[in-house]
Amino acid sequence: MTARISYGSVEVGTELPAQSFRVTRATLVRYAGASGDFNPIHWNEKFAVEVGLPDVIAHGMFTMAEAVRVVTDWVGDPGALVEYGVRFTKPVVVPNDDKGALIEVSAKVAAKLDDHLVRVDLTAVSEGKKVLGMSRAVVRLA
């Protein structure tokens with residue numbers, strides 16, 4: 001695959017299509033199995049509360065991966081992702097109900113770099129709180 005977005009077609013400020021990602025306790029169990037991260041703060045409400053959390057929380061790496069989907073879906077090729085980093089600012093609290101939590105992600109082109117690279121800044125929020133800070137991806141466009 002190659003990126004379907006051309007470097008010449010984007011400008012600084014170009015907004016990517018926003019997306020929302022639902023996270024339930026079942027999602028966390030599947031992620032724990034796939035990642036091998038069985039920390040009880042991600043599945044055991046009693047333990048999470050005992051260590052000072054409001055409830056079970058989503059894995060940070062899961063949250064990070066869901067957020068960058070906005071970028072990889074937009075560019076059309078996950079292999080076009082050259083660099084990605086975030087700071088974890090608030091946890092995504094996942095209640096034990098049918099709704100779970102919602103991660104809402106928006107992004108925009110923040111800089112055009114050399115060699116068909118662009119930096120995209122992302123904003124990820126859950127329950128009105130920013131859950132990722134300094135969330136930036138660099139992708140190589142066509």
Side-chain angles (χ1 to χ4, degrees), residues 1-7 9-10 12-142:
M1 291 178 91
T2 57
R4 66 176 182 199
I5 304 293
S6 73
Y7 182 80
S9 70
V10 299
V12 171
T14 298
E15 293 188 16
L16 284 60
Q19 293 187 52
S20 297
F21 304 97
R22 178 86 36 207
V23 186
T24 65
R25 296 280 178 97
T27 309
L28 299 182
V29 169
R30 287 192 299 274
Y31 182 81
S35 69
D37 182 353
F38 294 101
N39 187 324
I41 63 173
H42 303 303
W43 57 269
N44 184 320
E45 185 174 334
K46 181 177 180 286
F47 182 85
V49 170
E50 284 175 358
V51 299
L53 295 168
D55 204 335
V56 165
I57 62 170
H59 303 73
M61 296 302 283
F62 172 82
T63 303
M64 186 179 177
E66 288 291 88
V68 82
R69 286 176 52 192
V70 168
V71 177
T72 58
D73 287 354
W74 171 71
V75 77
D77 177 9
L81 184 65
V82 173
E83 181 181 316
Y84 179 46
V86 306
R87 289 191 183 164
F88 301 105
T89 56
K90 299 278 184 196
V92 174
V93 178
V94 182
N96 191 18
D97 59 20
D98 294 336
K99 294 180 184 177
L102 190 65
I103 303 168
E104 299 171 283
V105 184
S106 60
K108 67 179 175 180
V109 174
K112 289 184 81 169
L113 311 170
D114 293 333
D115 199 25
H116 287 248
L117 296 173
V118 298
R119 190 187 89 216
V120 177
D121 290 353
L122 297 93
T123 301
V125 298
S126 182
E127 293 190 8
K129 297 177 185 165
K130 196 172 184 180
V131 295
L132 299 176
M134 298 292 290
S135 184
R136 296 178 172 173
V138 175
V139 290
R140 185 176 318 280
L141 301 180

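Quick note: residue numbers are just sequence positions, from 1.
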query: From Arg136 CZ over to Arg119 CZ, what is the distance, rounded to the nearest 0.5 angstrom?
result: 4.0 Å
Tyr31 side chain vs Ala58 backbone, donor-acceptor pair below 3.5 Å: no
task: Please report the closest heavy-atom contact between Leu141 and Ala3, naming both atoms and the distance.
output: CA-CB, 3.9 Å
query: Considering residues, nucleotides and ligands other than Glu50, do more than 12 of their heavy atoms fall under 6.0 Å from its CD?
result: yes
message: Just verifying a value: how many Å separate Lys99 NZ and Thr24 OG1, rounded to the nearest 0.5 Å?
response: 14.0 Å
message: Give me the atom names and distance for the closest heavy-atom approach of Val70 to Pro17.
response: CG1-O, 3.5 Å
- request: Give the intermediate values and the outcome of side-chain contact (heavy atoms from CB on, under 4.5 Å) for residues Trp74 and Val10.
  value: CA-CA 12 Å; Trp74 171 71; Val10 299; 3.6 Å; yes
Approximate separation, where rounding is to 0.5 Å, of His59 NE2 and Asn39 CG: 7.5 Å
task: Please report the shortest heavy-atom distance between Ala137 and Val68, naming the atom on each side.
output: CB-CG2, 4.5 Å
query: Atom OG1 in Thr14, atom CD1 in Ile5: separation rounded to 0.5 Å?
result: 9.5 Å
field: Candidate pair Val23 and Phe62, rule side-chain contact (heavy atoms from CB on, under 4.5 Å), full reasoning
entry: CA-CA 10 Å; Val23 186; Phe62 172 82; 3.6 Å; yes
task: Run the numbers on Leu16 and Val109 for side-chain contact (heavy atoms from CB on, under 4.5 Å), then give the verdict.
output: CA-CA 8 Å; Leu16 284 60; Val109 174; 4.2 Å; yes
task: Give a yes or no on whether the backbone of Asp115 and the side-chain of Tyr7 come within a donor-acceptor separation of less than 3.5 Å.
output: no
task: Search all heavy atoms of Pro54 against all heavy atoms of Val49 and return the closest pair with its distance.
output: O-CG2, 4.0 Å
- prompt: Would you say Asp97 has more than 12 foreign heavy atoms packed within less than 6.0 Å of its CG?
  reply: yes
query: Does the pair Val118 and Val139 meet the rule for a side-chain contact (heavy atoms from CB on, under 4.5 Å), with working shown?
result: CA-CA 6 Å; Val118 298; Val139 290; 3.5 Å; yes
- prompt: What are the two closest non-hydrogen atoms of Ser20 and Glu104, and how far apart are they?
  reply: OG-CG, 3.6 Å
field: NZ/Lys108: more than 12 non-hydrogen atoms of other groups inside 6.0 Å
entry: no
- request: Check whether any side-chain N or O of Thr72 sits under 3.5 Å from a backbone N or O of Asp77 as a donor-acceptor pair, and report yes or no.
  value: no
- prompt: So how far is it from Thr89 OG1 to Leu132 CG, rounded to the nearest 0.5 Å?
  reply: 6.0 Å
query: What distance separates Trp43 CH2 from Asp37 CG, expressed to the nearest 0.5 Å?
result: 12.0 Å
- prompt: What closest approach, in Å, do Thr27 and Arg22 show between heavy atoms, and which atom pair accounts for it?
  reply: OG1-O, 4.3 Å
message: If only side-chain N and O atoms count, and only distance matters, is there a donor-acceptor pair under 3.5 Å linking Asn96 with Glu45?
response: no
- prompt: Do the non-hydrogen side-chain atoms of Met61 and Phe88 ever get within less than 4.5 Å of each other?
  reply: yes
